[in-house]
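Hydrogens, waters and symmetry mates are skipped; everything else that's a heavy atom, side chains included, is used.
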Amino acid sequence: MLTLYSYPELFGVADNNGYGLKVFAFLRLCKVPFRHEHILDASAAPRGQLPYIDDGGETVGDSDTIIAFLTGKYRLTIDGGLGAAQRHTNLLIGRMLDDLYWVMSYSRWKDERYWPAFRDALLAQHPGLKEADLVKAREFNFQRYHFQGIGRYAPDAAFARGLADLAVLANVIPASGYVHGPRPTSIDAGIYGFIANIYFYDIDTPLKQFVAAHGNIVRHCQAIHEAVMAKPAA
């Protein structure tokens, strides 16, 4: 059976990383059967990054590559009705979510105002974790942030980037339905992957404050959450 390998769940969200949750949501929306294995060690993953899948011995990494692979192999039609302009919009939103990822990660691991709450939540929900392991992961992330660039921002400047991304989403997500109509498509799974990792977290960052203040974003997140967290039919 297809297996998705991704980071552990947190605050009732199936993966505490936006990219893994994006793939999880995509698989559930497409009703593709799969096993979900939560791991922390990404050394066996393609490019050393999570998420990745193992499908009959074929290993595929990178969330967009995974979705493209699954769409082709299983002839998934979730995006079948989209035109060229809509697919271009999806690409633009996806690239913006890449930017939002760094701000979200920064808020958890680097910002001293929110790091303790994130650390304590992980340790409380996953007793097998050791604080020393999280400290090591934090130091690794500091290096990533420095070379990516977000680590050279002051906290308020970093959040300003994320809030600008969320402001765009607030104008893209409709008051009802989904980005491209009455049914969700892959971009809705992508948006959910990141928004759920803000909205459902019991950590009151400026990102969460923005999301909670926008009913259309909350409605969209809750609708996808209910759809993908429902127990699959036997």
Side-chain angles (χ1 to χ4, degrees), residues 1-10 12-101 104 169 172-173 177-197 220-234:
M1 176 180 280
L2 169 69
T3 302
L4 168 64
Y5 293 92
S6 72
Y7 287 107
E9 65 270 29
L10 193 64
V13 177
D15 186 325
N16 79 89
N17 179 279
Y19 295 108
L21 189 59
K22 165 184 167 180
V23 175
F24 172 89
F26 176 84
L27 286 165
R28 283 291 178 87
L29 289 174
C30 293
K31 296 181 170 54
V32 176
F34 69 101
R35 294 172 56 247
H36 194 184
E37 294 286 340
H38 297 287
I39 61 175
L40 284 170
D41 183 1
S43 60
R47 305 190 189 100
Q49 293 179 312
L50 298 176
Y52 74 98
I53 61 168
D54 184 316
D55 191 14
E58 189 168 6
T59 301
V60 183
D62 177 76
S63 61
D64 288 334
T65 305
I66 291 170
I67 287 173
F69 169 82
L70 294 171
T71 299
K73 180 172 181 177
Y74 294 101
R75 299 181 181 180
L76 304 177
T77 59
I78 189 170
D79 289 342
L82 300 185
Q86 292 170 314
R87 293 176 186 275
H88 293 163
T89 296
N90 288 357
L91 179 62
L92 291 170
I93 295 173
R95 293 294 184 263
M96 185 185 67
L97 293 173
D98 290 341
D99 185 77
L100 179 60
Y101 161 80
M104 288 172 51
L169 287 179
V172 168
I173 296 172
Y178 301 94
V179 173
H180 296 305
R183 295 185 178 183
T185 60
S186 66
I187 196 59
D188 296 290
I191 292 171
Y192 167 77
F194 292 87
I195 296 301
N197 269 290
H220 181 277
C221 181
Q222 291 177 329
I224 298 292
H225 189 70
E226 291 174 8
V228 304
M229 295 304 292
K231 187 175 181 179

field: Listed partners of Asp99 passing salt bridge (Lys or Arg N to Asp or Glu O under 4.0 Å), at least two apart
entry: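 For Asp99 the salt bridge (Lys or Arg N to Asp or Glu O under 4.0 Å) partners, ignoring immediate neighbours, are Arg161.
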query: In this structure, which one of Thr185, Ile173, Ile224 forms a side-chain contact (heavy atoms from CB on, under 4.5 Å) with Tyr178?
result: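 Per the side-chain contact (heavy atoms from CB on, under 4.5 Å) rule, the option paired with Tyr178 is Ile224, out of Thr185, Ile173, Ile224.
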Student check: side-chain heavy atoms of [X] and [Y] closer than 4.5 Å:
| X | Y | result |
| --- | --- | --- |
| Asp15 | Leu50 | no |
| Phe34 | Ile53 | no |
| Arg183 | Ile78 | no |
| Val228 | Leu21 | no |

query: Of all heavy-atom pairs between Val13 and Ala196, which one has the smallest distance, and what is that distance?
result: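 For Val13 versus Ala196, the nearest heavy atoms are CG2-O, 3.7 Å.
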- prompt: Which atoms form the tightest heavy-atom contact between Pro184 and Asp188, and what is the distance?
  reply: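 Minimum heavy-atom separation between Pro184 and Asp188: CA-OD2, 3.3 Å.
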Verify, without hydrogens or angle tests, whether [X] (side chain) and [Y] (backbone) share a donor-acceptor contact under 3.5 angstrom.
| X | Y | value |
| --- | --- | --- |
| Gln86 | Gly83 | yes |
| Asp54 | Thr3 | no |
| Asn16 | Tyr7 | no |
| Asp79 | Leu82 | no |

- prompt: Side chains of Asn90 and His180: donor-acceptor distance under 3.5 Å anywhere?
  reply: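 The criterion, which ignores hydrogens and geometry beyond distance, is satisfied for His180 and Asn90.
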- prompt: Just by distance, with hydrogens left out, do Asn197 and Tyr19 show a side-chain donor and acceptor under 3.5 Å apart?
  reply: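 No donor-acceptor contact under 3.5 Å links the two side chains.
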message: Any salt bridge linking Asp64 with Lys22? Criterion: basic side-chain nitrogen under 4.0 Å from a carboxylate oxygen.
response: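 Salt bridge flag = yes for Lys22 with Asp64.
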- request: Please step through side chain to side chain contact (heavy atoms under 4.5 Å, CB included) for the pair Leu70 and Leu76, ending with a clear verdict.
  value: CA-CA 7 Å; Leu70 294 171; Leu76 304 177; 4.2 Å; yes
query: Are Asp62 and Phe69 close enough, and set up right, to give a side chain to side chain contact (heavy atoms under 4.5 Å, CB included), and what steps lead you there?
result: CA-CA 10 Å; Asp62 177 76; Phe69 169 82; over 6 Å; no
- request: Would you please classify the geometry between the Tyr192 ring and the His225 ring as parallel, tilted or perpendicular, with 30° and 60° separating the classes?
  value: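 Aromatic pair His225/Tyr192 classed tilted.
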